[in-house]
Protein chains: 2
Amino acid sequence: MSGQGAFERVTIYDVAAAAGVSTATASKALNDTGRMSSETRDRIRRIARELGFRPNSLARSLTSKRSFTVGLLTDDTYGRFTLPVMAGISEGLIDHGVSVFLCTVEDNPELAKVHVDAMLDKQVDGVIATGKRIDKPLPVELSHLPVPVVYALTAGPAEAVTLVPDDRQGARAAVQHLIAQGRRRIVHITGPGNFRVVHERARAYAETLEAAHLPVSEAGTLRGSWSERWGHEAVAALWAGDDRPDGIFCGNDQIARGVVDALRERQVGVPRDVSVVGFDNWEIVAEQTRPPLTTVDMNLKELGRQAGLALMRLVNGEAVEKGLWKLPCTLVVRGS
Amino acid sequence: MSGQGAFERVTIYDVAAAAGVSTATASKALNDTGRMSSETRDRIRRIARELGFRPNSLARSLTSKRSFTVGLLTDDTYGRFTLPVMAGISEGLIDHGVSVFLCTVEDNPELAKVHVDAMLDKQVDGVIATGKRIDKPLPVELSHLPVPVVYALTAGPAEAVTLVPDDRQGARAAVQHLIAQGRRRIVHITGPGNFRVVHERARAYAETLEAAHLPVSEAGTLRGSWSERWGHEAVAALWAGDDRPDGIFCGNDQIARGVVDALRERQVGVPRDVSVVGFDNWEIVAEQTRPPLTTVDMNLKELGRQAGLALMRLVNGEAVEKGLWKLPCTLVVRGS
DNA sequence: CGTGAGTGAGAAACCCTTTTCTCAAGGCAA
DNA sequence: TTGCCTTGAGAAAAGGGTTTCTCACTCACG
C-alpha cells in the first residue's frame, strides 16, 4: 500500500545514487528543467517513482522563497458562514499545491498577533482574513504585513481586495421573484439595524419595488433580530392590521422559517396566499421548513475559492483589481 | 503598494555580523544552548531584538526534523460541530508554536489523498482527523502514515487515539437533572436510529431511569429525525395518549426546541408542568427558545484542545493511552 | 614550570533541493 | 588537423539555520 517509506524518507540523493547520476541531474530530470537526453530523464523519473520519492517541500521552499502555504485568520468559532468560506479557500488553493494554515483568533488581539507571527515565521506566501460580519474587522492590523492580504466576509481597508456577497443583487433577485409571482404588497422582515447587510438588503428591496412601480414605505421594512421568534412576532403585528402583505422577503432563513410557521398557524396558505423568500440558503433551515423555503444563496464556498485565487494572483505579482468585490448570489427556488 | 516582499528578511548572518560573532555563536545565544559568557549572550540577543530578527521556521525545520505544523482533515463543510473542535485544536496547539493545516475533503477520496500528500510533503509532525459523525470514517486511510494520527469526532481504528464526547455521561446528567426536578414520567425524544449517538444516549437514559427505580419502557424512547418538526410531532403523539410525560429528554436542541414550542401551543407550562432538557448547547437554538433551554454541552472546543495536546504527546514520543477517550459533557441549566 | 581541567567561541558539516557555472566529449566546418 | 559549437552532465554554492567538533586560552594545582 501507500506510505511504506515510514522510516527513512527517500531523498533526492537516494534517487541520484540509484540512477548513478548527480543530485543536480536528478533535480533537473524531475522538474523538467535543464538539458539532458530523454533516456536519462525517463530513467531518473522511473527510479524516483519506484523509490517513492517525494520532494521535501521545506527544502524546496528554502531556495524558491515560496512556501506554498497561506494563512487563514478567522474570528468565528461557531458561525455557519465561515466554514463554507474556509472550505472554498482550501479547495481552491489545493489545486495550486497550496495548503492553508487555520488560525482562530476570537476577538483576542494578542492571540491574533501570536498567530500572525507564527504564520510569518513559517513563511506563508499570503494571508486571508475572514470573519462573521462584513462590517467588523479582525482584532489585528494586517495592512503592513510583508505578504499580500485578502479579506473575505470581513472588513478590510479600502486599498485591499475584499470579497463579499452582493447583498443588493441577492435581495433584488428575491424581490423580483416575488413580483414575478404576481405579488404586489411586499414587505421586508429583517434583522437588527446595526448590521450593514440589513441596510443593503433593505435598500435593494425598496429600490426594486420602486423600479416596479409598487408602493414602498418605510413601514414596509420591519427590523428585529435574526430569529424565528422575530418572524413570528412580525407576522403577528402585520396580521393585526388591515394592510396584510401577499409577499414577504425575509432578511434570513431563520426569520423566514418563523414567518412561514406563523402563517401556517394562522391558516394562511404558503405560497397560495402569501409567498415568502428567505436569505442564506441555510439548508438545515430552508429544506426543513414546510413548505421548503425559496431563498437566496450567497455562494460562500465559491466566494472562498475566489478569495484564494485572488490571493494567488497577488502572490504571483499579477495585477488584481483592488477594492470591494461583490460576488453574485443565487436564488434557490423551492416551495414557498 | 505594500506587501510586495520588498523587505529583506533579517537572517542570523545579519545578527552574527552585527554582533561580530559567528552564526554558530549567534544561534547558541538565541536558543540558550552552548556555552558562552552571559555578556556575549545578552549582547547578541539585544542586537537580534534591535534588528527584528525572526528565525526562518523552514530552515530550522530542515535540520530539526520537526516542522511545528500538523494537518487537520475534516469532511464537514457546513456542520456546527466541526468549527469549535477546529478552534480548540488551533488554540491548544498555538501555545506549542504549532500551526494547523486545514484540509476539507468532503466525501471525496481523491481530494483527501491530494491533501494528505500535500501535508506529508510539507513535513507535518502529525495529523488530526475530524468529522461530523463519530460513526463514520473519513474517505481516506490514515492508519499507516509516517506520522502520528489522532481522531476527534470521527471514527478511527481501534488502536488509535480517538476523542469523542461522553454521550452516556451527558445523557445521564440530563436525566438525573430531570429526576432531581421531581419528574417521574420521563420520555426520550431523539434522532434516527442509525446514529450511534442515538443508541448511546438512549441507553444511558434507560439505565438512569432504572437506577432511580423509575418505570422504563421501550415506548419511552421515540426515534425520529434531528428536527424541530419531529419534536412537534412527538409531542402531538404523546399528548394524544393518556400517559403524558412530565419530563422530556431530547436527543438534540432542535428537537427540544420543537418540543418546547409544541408544548407552549398546547398551553403546557415549561417548566411548570413539564421539564425539558436538550443536547448540544447550540446557543443559537438553546438561548432563543422560550424559555431558554437547559441542555447538555459537549465541550467541543475542549475536545479539540485535548486532541491537539494528545497529538503533541505522540509527536514527542511520550506515552499516550490508545483507544476511545470519552470527554465529559456539562449540563447547562437554563430555564426549561 | 609543567599539567590538566574548564571555558568561550569559531570552523565546518549537515538538513534537502535548486541553480549556476564549468567542463569534457563529440560533431562539423574550414 | 584545428577551432568552434552543441550537448549532456557534474561540481559547487546557495538558502537559513543547528550542531558537533576542535582549538586557543586561562586558571589552579602539584
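Letters A, B, ... mirror the listed sequences (proteins, then strands); counts begin at 1.
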Item checked: Donor-acceptor pair, side chain of Thr130(A) and main chain of Ala152(A), under 3.5 angstrom -> yes
Notebook entry, point to check: Distance check: side-chain N/O of Ser22(A) vs OP1/OP2 of dA9(D), anything under 4.0 Å?
Noted result: no
Margin query: What is the separation between atom CG on Leu30(B) and atom P on dT18(D), rounded to the nearest whole Å?
Written below: 8 Å
Next item on the list: Grab the CZ-P distance between Arg35(B) and dT26(D) for me, whole Å please.
Entry: 16 Å
Next item on the list: Give a yes or no on whether a donor-acceptor pair under 3.5 Å exists between the nucleobase atoms of dG10(D), that is its base, and the side chain of Lys28(A).
Entry: yes
Margin query: Mind checking if Thr33(B) touches a base, just sugar-phosphate, or nothing, with heavy atoms under 4.0 Å?
Written below: nothing
Notebook entry, point to check: For the side chain of Asp135(A) and the backbone of Arg196(A), is there at least one donor-acceptor N/O pair under 3.5 Å apart?
Noted result: yes
Identify the pairs formed between an N or O of the protein and an N or O of nucleotides 13-17 of chain C at a distance under 3.5 Å, and give each distance.
unit_1: dC15(C); atom_1: O3'; unit_2: Lys65(B); atom_2: NZ; d: 3.2
unit_1: dC16(C); atom_1: OP1; unit_2: Lys65(B); atom_2: NZ; d: 2.7
unit_1: dT17(C); atom_1: OP1; unit_2: Asn56(A); atom_2: N; d: 3.0
unit_1: dT17(C); atom_1: OP2; unit_2: Ile12(A); atom_2: N; d: 2.5

Check: Got His115(A) and Phe101(A) here, is their nearest side-chain heavy-atom distance under 4.5 Å?
Finding: no
Notebook entry, point to check: Can any side-chain N or O of Lys122(B) pair as donor or acceptor with the backbone N or O of Phe68(A) at less than 3.5 Å?
Noted result: yes
Side chains of residues 316-328 of chain B: which donor-acceptor pairs under 3.5 Å do they make with residues two or more places apart or in other chains?
unit_1: Asn316(B); atom_1: OD1; unit_2: Arg66(B); atom_2: NH2; d: 2.9
unit_1: Asn316(B); atom_1: ND2; unit_2: Met312(B); atom_2: O; d: 3.2
unit_1: Trp325(B); atom_1: NE1; unit_2: Glu321(B); atom_2: O; d: 2.8

Notebook entry, point to check: Would you say dA9(D) has OP1 or OP2 under 4.0 Å from some side-chain N or O of Thr40(A)?
Noted result: yes
Margin query: Need to verify one output field. Residue with the more 5' nearest nucleotide on DNA chain D, Ser64(B) or Ser38(A)?
Written below: Ser38(A)
Check: Quick one: is Ser37(A) getting a side-chain N or O under 4.0 Å of the dA9(D) phosphate, OP1 or OP2?
Finding: yes
Checklist line | Pairs satisfying side-chain hydrogen bond (donor to acceptor under 3.5 Å, both in side chains), at least one member in residues 152-163 of chain A, at least two apart | finding: none
Next item on the list: May I have the distance from Met36(A) (atom CE) to dG10(D) (atom C1'), rounded to whole angstrom?
Entry: 11 Å
Note to self: Rounded to whole Å, please give me the gap between CG in Asp14(B) and P in dG15(D).
What the structure shows: 11 Å
